[in-house]
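Just the heavy atoms: all of them, side chains too, but no hydrogens, waters or symmetry mates, feed the values below. Every chain is numbered from 1 and lettered A, B, ... according to where its sequence line falls, protein lines coming before strand lines. Keep in mind the model is a prediction, meaning the values are calculated, not measured.
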Amino acid sequence: MDKLILIDGNSIIYRAFFAMPPLTNTKGWHTNAVYGFTNMLLRIIEDHKPTHMMVAFDAGKITFRHESYKEYKGGRNKTPHELSEQFPLLKELLQGLGIAQYELSGYEADDIIGTISKEAEQAGQEVLVISGDKDMFQLASEHVEIGLTRKGVTEIEIYNPEQIHERYGLKPHQITDLKGLMGDTSDNIPGVPGVGEKTALKLLHQFGSVEDVLANIHELKGKMKEKIETHADDAVLSKKLATIYREVVLDKTLDEMVFNGFNPDTSGPALAKLEFKSMLERLSLSGEAGLEDGIAKQPTLNVEVTVINEDNIKEFISRLPQVKVLHVETYGENPHRAEIIGVVFSSEEHHDYVPFDLFKTDHAAPILNWLQDPAYPKRGYDLHRMDLALHWHEIPFAGVTFDVQLAAYLLDPTESNQTISALAAKYGLSSLVVEEDIFGKGAKYKVPEIEVLSNHLARKSATVLSIIPKQEEELEKNEMKSLFHDLEMPLSRILADMEKQGIEVYTKDLQELGKEFESQIHQLEEDIYRIADGKFNINSPKQLGEILFVKLGLPVVKKTKTGFSTDAEVLEKLAPYHEIVQHILQYRTLAKLQSTYVEGLLKEISPKTGKVHTYYRQTIAATGRLSSQFPNLQNIPIRLEEGRKIRKVFVPSESGWSILAADYSQIELRVLAHISNDERLIEAFLQDMDIHTKTAMDVFGVKPEEVDSNMRRSAKAVNFGIVYGISDYGLSQNLNITRKEASQFIEQYFAIFQGVKQYMSDIVKEAKENGYVTTLLGRRRYLPEINASNFNLRSFAERMAMNTPIQGTAADIIKLAMVHMDKALSDKQLKSRMLLQVHDELVFEVPEDELELMKVLVPEIMSKALQLVVPLNAEVSFGSNWYEAK
DNA sequence: AGGGTCACG
DNA sequence: ACGTACGTGACCCTT
C-alpha cells in the first residue's frame with residue numbers, strides 16, 4: 001500500500017524555531033529551525049516508512065483569501081530574521097535529501113496539502129498530513145490521518161476522524177464551522193466576538209453548522225443571540241477563510257513525490273553544509289563533498305604513536321622534558337573512583353602511549369618524578385580530573401599550567417558540549433572518532449585493543465596540543481589571560497587539594513539520625529494510609545494527585561504538564577481543607593532528608609578514608625560559580641531545624657580540632673552597590689545597616705522602628721528580585737501579591753535606588769550591543785537571545801544580563817579569597833585546611849592552637865579579596881561540627 | 001531520559 | 001499569544 005506523507009512546511013519550521021534553542025554553525029548561520037525540522041522528518045520517516053513524500057510551503061504574502069478579507073493574517077508579528085533566513089536553507093536541504101517540495105503563488109500550504117491529499121486518497125493511497133495547525137483536522141477521513149506536533153516538534157500525535165470526534169464531538173468538516181464561530185487570532189480570523197471554543201462546540205453539537213446556527217437563531221436567547229445576530233456575516237466569512245481549498249490546479253503529480261530513501265549522492269553534502277554532524281552519523285552518510293566548507297567527518301589527522309614497553313622506555317624517558325601535553329584517560333563519572341585506562345605524553349614530534357600497568361613497575365620512577373615535579377608544566381584537557389584519578393592510584397601530581405577545558409569554559413561558559421571533539425570542530429581541526437565507537441556505551445563499555453586505544457588517545461592528545469595556541473590567542477583577545485592564569489588555573493589545583501582532603505562524616509550519628517527519621521516516616525505513612533483509606537506510593541506525584549484531587553476531591557490549585565501539581569506551595573494552600581495534607585508535607589520533608597542526606601551521604605563515604613570527597617566542577621555554572629557533585633556539599637540543609645541537624649555529622653578529621661566557617665554577608669547586594677554605584681545602596685552598606693530593613697525604610701518611607709516584619713519581608717523579596725533581574729511577575733509570585741502591586745513595589749524601589757535602575761537598563765543595553773556581559777574580573781557570558789524577537793527568550797536573556805555580573809562577580813571574589821587563603825596557609829605553614837566552598841562561605845578544619853589566628857585571618861583575607869566601594873564583611877564562627885559553626 | 005520535587009546560595 | 005524570578009544537583013517515579 002502506498003503511503004504519502006504531506007508536511008506543512010511553514011507550520012513545522014515555525015514551531016521548530018520556537019521549540020529549539022538558538023543554534024548557529026561555525027559560519028554563524030542560524031540553523032535551529034532547520035535542525036528541528038529535520039529531526040522531525042527523520043523520525044516520521046522511520047516511524048511511517050512512506051513511499052511518497054512532499055513538503056508544501058506558503059508562497060508569498062497574498063493569497064486568494066485576501067480577496068474576500070484583506071486583513072487575513074494581519075496583525076501578525078513580522079517573522080524574525082533568524083527564522084526567515086532559514087527558509088532557503090531548509091529548501092536547499094530538502095532538495096539535497098531528495099524530498100519533493102511545492103509552493104504555488106496565491107495559495108497556502110494548507111490548500112496544496114488539501115488538494116493533494118484528496119487526489120492521493122482517490123488514487124488509493126494512505127495519507128498522513130503533518131502540521132502544527134488543528135485546521136488540518138478538516139482534511140481527515142478514512143484514508144487521511146492528521147499528525148499534530150506536540151511539545152515543539154519532537155512528538156507527533158496522530159488523529160483519525162474517530163479521535164477528532166472524541167476530542168471535539170465533531171466530524172472533520174465541522175472544524176471549519178468551529179473556526180467560523182470562535183475565530184482564530186493567529187490568522188486574524190474574527191469569528192463571533194465572545195464566542196470561544198466551549199460556546200462554539202455547544203452550538204455545533206446542538207445545530208451542526210454555522211448556517212444551521214444562523215437558521216435557528218430564534219432558539220437562542222440573551223446576549224449570545226444578540227452577538228451572533230450582529231456578527232452573522234463575520235461567522236460566515238470566518239468559516240470561508242478557515243476552509244481549506246481542495247481544488248487547486250496543480251502542476252505536480254504523485255509520481256513526482258515518490259520517496260525511495262535519501263539521495264545517496266547529495267544528502268551527505270547537504271547535511272555537512274549545515275554542519276549537522278550527528279545526523280550525518282545517524283544516516284551513516286559521509287559529508288565528503290561538503291568538506292570544502294571545512295567540515296570533515298572522517299578523521300584525517302594522522303598521528304604516529306609509540307606504545308611504550310620495558311624495552312623502549314629509556315628512549316621515552318629521554319623525551320619527557322619536551323612533553324607539551326599530558327592525557328590521562330579515565331573511566332567513570334566520579335574522578336575519585338575513576339579507573340585509569342591509559343596515558344599519553346605528547347610533544348609536537350612524538351606521541352607516546354604508556355599502558356597504565358607500566359606505572360606500577362620500577363621502570364616508571366622517572367615518569368612519576370616528571371608527574372610530581374611542578375617545574376615540568378602540565379597542559380591538557382581536564383587536569384583536575386587527572387589529578388584526582390592519579391591521586392587515588394597513589395601517584396602524586398603537580399605543576400598544572402594550562403587546562404584546555406577550563407580555557408574553553410572561560411571562552412564560553414554556556415557551551416554545554418566542551419568535549420575535545422567539539423573544540424576540534426570549533427577550531428576547524430580534524431575531527432575525532434566518536435568515543436562510543438571506540439569504547440561502546442553503557443553496559444557495552446569495553447576497552448579496545450591497544451592499537452585502537454593508543455591511536456585514539458594519541459589523536460585526542462594531539463588535538464589538545466593544537467587547541468592550546470588557539471585558545472591562548474583567544475584568551476588574549478578577550479582580555480582573560482589573568483583571569484585564567486592567575487585565578488582559575490591556580491584554583492583548579494586548590495580545589496583538587498580540598499577534595500582529596502575530604503571532610504569527615506561521623507557515620508554512627510548519621511545512622512542514628514537515619515533511624516529517627518525512619519520511625520517518623522513509618523508513622524507518617526501509616527497515618528496517611530489510614531486517612532486516605534488505602535495504600536499508595538506517596539512518592540509518586542501521579543498517585544498522590546489521584547488521592548488528593550480525585551478521591552478526596554480537594555481543589556486543584558495548579559497543574560503541571562503531566563497532571564496535578566502537588567508541590568509544597570500547592571500543599572500549603574490545601575492544608576486547611578484536609579488533615580492529610582500536613583502529614584504529606586511532613587512526610588516529604590523527612591523522606592527528602594532520609595533519601596538524599598542520610599542514605600545518599602552514607603553511600604558517598606569513602607571506605608578508604610571514612611570521609612566524603614566531593615568533586616567541585618569549575619566548568620559548569622554559566623555565571624562562574626562552582627558546582628559540587630558526588631555528593632553535592634553545597635546544598636546541605638540549614639533552613640529548617642530538622643534538616644540542619646544533618647550538619648552535626650560533618651566533623652573535624654582530627655581530635656581536638658574545630659570546624660570553622662566564614663561567610664560573606666550580603667555579598668551580592670554589596671557587589672551591586674559597587675557596580676551600580678548607587679548612592680543610597682552604598683550609604684546603607686557604609687553604615688553597615690541591615691539591608692532589608694534599610695530598603696523597607698526607604699521604599700515605604702518610614703522610620704527604622706516603624707519597619708514591621710511584613711515590610712522587611714517584602715523588602716527582602718525585592719532585594720532578591722533585584723539581584724535576579726527583576727520582573728513584576730516573579731515578585732508577585734514570590735510575595736503572593738498581584739502583578740500590579742509587584743509592579744508598584746518595583747517602581748517605588750527604583751525611585752529610591754536610581755543608580756540601580758540605571759545599572760539595570762545600562763547592562764541590558766550593553767548586552768544588546770556587545771552580545772555579552774562581564775564580571776569585574778572580566779569573566780564573560782554571551783547572551784545570544786538578548787535580541788530575540790520572542791518575548792520569553794529575550795526576557796530571560798535580559799534577566800541573565802542583570803544577574804550574571806552580580807552573581808559572577810561574587811563568584812570571582814570568593815575564588816580570589818580561596819587563592820589568597822591557600823597561599824596564606826602555606827606561607828604561614830599552618831596545619832589548618834580549607835575543606836569546602838558554598839558560594840559565599842568557606843569551611844575549614846582548624847587545630848586548637850591555630851583557632852585564634854584563623855578566626856582573624858580568614859575573615860581578613862575574605863574581606864580584602866577585592867577592593868570595592870563598600871566594605872566586604874565576612875562573619876566567622878566555629879564549633880565541634882558544621883552545625884555548631886553557625 | 002525527562003519531569004516533578006526539593007535541598008542549597 | 002507565549003509563561004518567568006538567578007544559579008546549581010540528587011532523588012524518585014514514569015516512560
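Taking only side-chain atoms of A:Thr566, from C-beta outward, the nucleotide of C:dC13, B:dA7, B:dT5 with the closest atom is B:dT5. Listed nucleotides B:dT5, C:dC6, C:dC12 differ in distance to A:Lys592; the shortest reach to its side chain belongs to B:dT5.
A salt bridge links A:Arg625 and A:Glu668; the closest N-O separation between the charged side-chain nitrogens and carboxylate oxygens is under 4.0 Å. Using a 4.0 Å cut-off between charged side-chain N and carboxylate O, A:Lys558 and A:Asp567 make a salt bridge.
Residue A:Arg625 has no polar side-chain atom (N or O) positioned under 4.0 Å from OP1 or OP2 of B:dC8.
Side-chain contact between A:Met760 and A:Glu798: absent, with no pair of heavy atoms (C-beta onward) separated by less than 4.5 Å. Taking 4.5 Å as the limit, every side-chain heavy atom of A:Thr695 sits out of range of all side-chain heavy atoms of A:Lys716.
Aromatic ring centroids of A:His613 and A:Phe630 lie 6.0 Å or more apart.
Across all strands, A:Ile638 comes closer than 4.0 Å only to sugar-phosphate atoms, never to a base (heavy-atom distances). Here A:Ala622 lies in heavy-atom contact (under 4.0 Å) with sugar-phosphate atoms only. Heavy atoms of A:Ile636 sit under 4.0 angstrom from primed sugar atoms or phosphate atoms, though from no base atom. If you check every strand for non-hydrogen atoms under 4.0 Å, A:Ser565 touches sugar and phosphate atoms only. Contact annotation for A:Gln543: backbone-only contact, meaning every heavy-atom pair under 4.0 Å involves sugar-phosphate atoms and none involves a base.
Across the interface with DNA chain C, nearest-nucleotide mapping of A:His839 and A:Asn792 shows A:Asn792 to be the residue nearer the 5′ end.
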Checklist entry - So what's the dot-bracket for DNA chain C: Watson-Crick or G-U pairs under 3.5 Å, [ ] if a pair crosses, | if it pairs off-strand? => result .....|||||||||.
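Ring-plane geometry between A:His692 and A:Phe720 is classed as parallel, the angle between the planes falling under 30 degrees on a 0 to 90 degree scale with a further cut at 60.
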